[in-house]
Structures are given as C-alpha cells and as structure tokens.
Amino acid sequence: MIKTKQDRILKELDELFPDAKCELEHGNELELLIAVMLSAQTTDASVNKLTSKLFQKYTSVEDYANASIEQLENDLRSIGLYRNKAKNVKAMCQKLIDDFNGVVPNDHEALQLLPGVGRKTANVVMSEAFGYPAIAVDTHVERIAKRLGFAKKDDSVLTVEKKLMKTIPKQRWIKTHHQLIFFGRYHCKSLNPQCQNCHLIDICKEEKRKKYLKKKS
Ligand code: SF4
C-alpha cells in the first residue's frame, strides 16, 4: 500500500524509468572514473563520443600519466573545461601509479585523495564500479530533490545527499540515483519541465508548476 509522498515518488520513478542506469560508456573501473571526471558540465553523450576514441588510444594508467599535457588537451578538446580535465586526468593516473599500484581503489576516502576526484565522483565510482550503496548528487539529482521536496531550496549538495539517504531505503540508493538523473534529464528538465504530463504535480514545489496550474485554471 502507498503510504507517503516519498513512496509515491519512488513508485512513479519505477514506472517511468524501470531500467535507469549509468549512461557513461566504460569497460572497467579506470574508464568509468575518467568518464565521470570528463562529464563535469558536459553531457554524457559528448563524453561517450569522445571516449569511444580515447579509450582505444589510452588503455592504461601509464598511457595517461606518460602522455604530454598538450597531447591530452588535444584529445579532450571537444568537451568543456578540457584543459583542467586533461591536467586532472594525468595527475590522477600518476597518483594511482605512485600510491595505489595503478589500481582504482575500492574505497570512498581513498578515491577522494585523487586529483580532480570529489565526493560526487567517488560516489559514482563506488556505486557503479563496486556496487557500494551511494547517492551521487549531480545537477539533476539536486534539482529534482528540491523540486520534489526531499530537500529545501537552499540546502547544500551535501545536505541534499544526506536527506536523500535518510529518506530513501538503502537498498534503493543506486537505482533511485539513476532514476532521479533520468527524471531530470528526460522529464523534469531544468528550463522546460514537462509539468503538463507530470503525475507528481501535486507534490512538486517548483515555481514553474504553479505557472502551469494557473494557465490551466
Ligand atoms: Fe518537474 Fe513540473 Fe513535475 Fe514539478 S510538476 S516535478 S517541475 S515536471
């Protein structure tokens, strides 16, 4: 039986996106980590287009660490912030060689010691590569959590993550994380949410929903 708003939201997410999953293409933990690092302020589609060639050219941590920064920049040029990303990917791979035997660590704290790897990236790698329950709060997850009342408008990203973890059953964290991203990417978009087709309109706290309801009445 459906009891709470949260139950309704989770049920709706299950109905809309039963097969939501990570859309960054990767074949191993290193490729996943690099794809997530490259995805900052860039679409997954752009990253996939780039990595389809990048992952053929660079197949080991040594390949990235030994590449010149100019070469890496050139190979990442098609995505935003490529200079910074090239610097971080090279330094991250060097750190993996120096401190982790060239292996992506299965450890949340250790991941965050790597250059360019913050809490969100560590959460994605821990959940996607190692199956550890985590909710990575990206721009979609933050927006949806606030629109649907899991968190308040002024909450920090970390507070949003904590509130989601408190409300959503742990066994659902990985799945719900992907579903929230899909909901934000394909249904409740930042600028043009599909309020007219939304079954959660009565729960939603977003101003745009109010405008739609006003127009309708
Ligand atoms: Fe998003 Fe509109 Fe649905 Fe609110 S009513 S969750 S803004 S699509």
Side-chain angles (χ1 to χ4, degrees), residues 1-25 35-49 79-81 118-128 132-217:
M1 183 193 284
I2 297 170
K3 292 177 195 154
T4 65
K5 284 179 186 175
Q6 281 74 23
D7 289 333
R8 258 190 69 198
I9 293 167
L10 296 181
K11 186 167 182 289
E12 181 66 10
L13 291 175
D14 282 344
E15 282 174 10
L16 282 175
F17 304 111
D19 302 317
K21 60 178 176 20
C22 177
E23 292 193 302
L24 288 170
E25 285 162 15
V36 179
M37 290 172 75
L38 298 182
S39 71
Q41 294 183 43
T42 306
T43 64
D44 285 5
S46 307
V47 173
N48 288 339
K49 199 170 166 203
I79 55 170
L81 308 174
R119 186 178 176 87
K120 188 203 82 175
T121 299
N123 281 352
V124 174
V125 173
M126 287 306 291
S127 60
E128 187 64 23
Y132 177 90
I135 300 178
V137 179
D138 71 354
T139 180
H140 294 301
V141 175
E142 181 181 4
R143 183 178 71 256
I144 301 308
K146 290 178 177 178
R147 283 180 174 174
L148 292 180
F150 285 106
K152 294 206 170 88
K153 209 171 174 180
D154 297 330
D155 282 344
S156 68
V157 169
L158 183 58
T159 302
V160 172
E161 183 186 324
K162 285 182 178 166
K163 286 185 173 176
L164 284 169
M165 289 194 300
K166 201 171 166 196
T167 313
I168 296 167
K170 196 169 184 176
Q171 70 273 18
R172 282 202 53 140
W173 286 357
I174 295 178
K175 179 181 170 189
T176 305
H177 160 244
H178 291 308
Q179 290 175 325
L180 289 171
I181 291 174
F182 271 50
F183 191 78
R185 194 175 278 162
Y186 302 114
H187 177 82
C188 183
K189 296 176 188 178
S190 173
L191 297 178
N192 191 21
Q194 295 175 33
C195 306
Q196 68 278 18
N197 300 322
C198 188
H199 293 162
L200 301 174
I201 197 164
D202 58 311
I203 292 174
C204 180
K205 298 183 183 313
E206 167 63 32
E207 289 301 311
K208 287 191 176 72
R209 169 214 59 142
K210 289 188 192 149
K211 280 185 206 149
Y212 175 74
L213 287 176
K214 215 171 160 187
K215 253 195 262 166
K216 228 179 151 194
S217 62

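Atoms within a ligand are numbered from 1 in the order they appear, just like the ligands themselves.
- Annotation: side-chain hydrogen bond (donor to acceptor under 3.5 Å, both in side chains) contacts of T139 (sequence neighbours excluded): none.
- Note on R185 versus E23: salt bridge recorded, some NZ/NE/NH1/NH2 to OD/OE distance being below 4.0 Å.
- Checked for salt-bridge contact, D138 and K120 miss the test: no charged N lies under 4.0 Å from a carboxylate O.
- F150 pairs by the ring-ring contact (aromatic ring centres under 6.0 Å, His included) definition with nothing, not counting sequence neighbours.
- Remark: E12 does not engage R8 in a salt bridge, criterion side-chain N to carboxylate O under 4.0 Å.
- By the salt bridge (charged side-chain N to carboxylate O under 4.0 Å, His left out) test, K175 pairs with D14, sequence neighbours left out.
- Excluding waters, the set of protein N, O or S atoms lying under 2.8 Å from atom 4 (Fe) of ligand 1 comprises C204 SG.
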